Amino acid sequence: MMELALLAAAAVAVCAVVMLVLAAVKAVLWLVLLPLKLLLYILLLPLLLLKGLLGGLVFLVVVPVLVIAGLDAMTAALIPLLPLLFVVFVVWLLLRSRTPSTAVAR
């Protein structure tokens, strides 16, 4: 039983050493690559702003076209329903013209 406990403690120690080594590698890479990352941000910022500006302009052009296309599609879908809507309207007029029955008041 003692050997199993020593084996578990050795495994935990190995994991701790591996984690410390990985943390050190991460810190070194972060310190080495930070200036490169900042330089790329400075170089790419104007391009990202240009991308946002062009995206906004394209949005302003495309949205009215899509609205008009949507209205056109909706109209094309509703035109075949006009006879049915006319029949429903006539039935509604006929039912509305009847005299309502008086309710008994208490």
Side-chain angles (χ1 to χ4, degrees):
M1 187 70 169
M2 187 67 147
E3 294 84 14
L4 188 59
L6 287 175
L7 189 60
V12 169
V14 168
C15 285
V17 169
V18 168
M19 289 300 137
L20 285 174
V21 169
L22 288 177
V25 168
K26 180 180 177 181
V28 169
L29 281 176
W30 187 78
L31 284 174
V32 169
L33 295 178
L34 180 63
L36 181 64
K37 185 177 180 180
L38 292 175
L39 181 65
L40 285 175
Y41 279 153
I42 290 171
L43 290 176
L44 291 178
L45 183 62
L47 295 176
L48 290 173
L49 292 173
L50 184 64
K51 176 187 172 189
L53 183 66
L54 289 177
L57 289 174
V58 168
F59 181 76
L60 287 176
V61 170
V62 169
V63 166
V65 172
L66 289 178
V67 167
I68 291 171
L71 289 174
D72 187 32
M74 186 173 63
T75 304
L78 290 179
I79 284 180
L81 294 176
L82 284 177
L84 178 65
L85 289 175
F86 179 70
V87 170
V88 169
F89 177 69
V90 169
V91 169
W92 177 75
L93 278 178
L94 290 174
L95 291 176
R96 187 171 172 249
S97 66
R98 289 187 183 173
T99 58
S101 62
T102 57
V104 177
R106 290 187 181 203

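The chain is numbered in sequence order, starting from 1. All figures in this text were calculated on a predicted structure; none of them were measured in a lab.
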Visitor: In Å, rounded to the nearest 0.5 Å, how long is the span from CG of Leu38 to CG of Leu43?
Guide: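 Output value for this atom pair is 11.0 Å.
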Visitor: Carefully, step by step, assess Leu93 and Val90 under the rule side chain to side chain contact (heavy atoms under 4.5 Å, CB included).
Guide: CA-CA 5 Å; Leu93 278 178; Val90 169; 5.6 Å; no
Visitor: Report the distance from atom CG of Leu71 to atom CG of Leu66, rounding to the nearest 0.5 Å.
Guide: 11.0 Å
Visitor: Look up atom OH in Tyr41 and atom CG in Leu36, then write down how far apart they are to the nearest 0.5 Å.
Guide: 11.0 Å
Visitor: Measuring from Leu40:CG to Leu45:CG, what's the distance to the nearest 0.5 Å?
Guide: 12.0 Å
Visitor: Among Leu22, Val21, Leu20, which residue satisfies the side-chain contact (heavy atoms from CB on, under 4.5 Å) criterion with Val18?
Guide: Leu22
Visitor: Check whether any side-chain heavy atom of Val28 sits under 4.5 Å from a side-chain heavy atom of Leu31, and report yes or no.
Guide: no
Visitor: If you group Ile, Leu, Val, Met, Phe, Trp and Tyr by side-chain heavy-atom gaps below 4.5 Å, do Met74 and Val67 land in one group?
Guide: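 Yes: a chain of side-chain contacts under 4.5 Å links Met74 to Val67.
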Visitor: Answer with yes or no whether the hydrophobic clustering places Val87 together with Leu82; edges join I, L, V, M, F, W, Y residues whose side-chain heavy atoms lie under 4.5 Å apart.
Guide: no
Visitor: In terms of hydrophobic clusters joined by side-chain contacts under 4.5 Å, are Ile68 and Leu60 together?
Guide: no
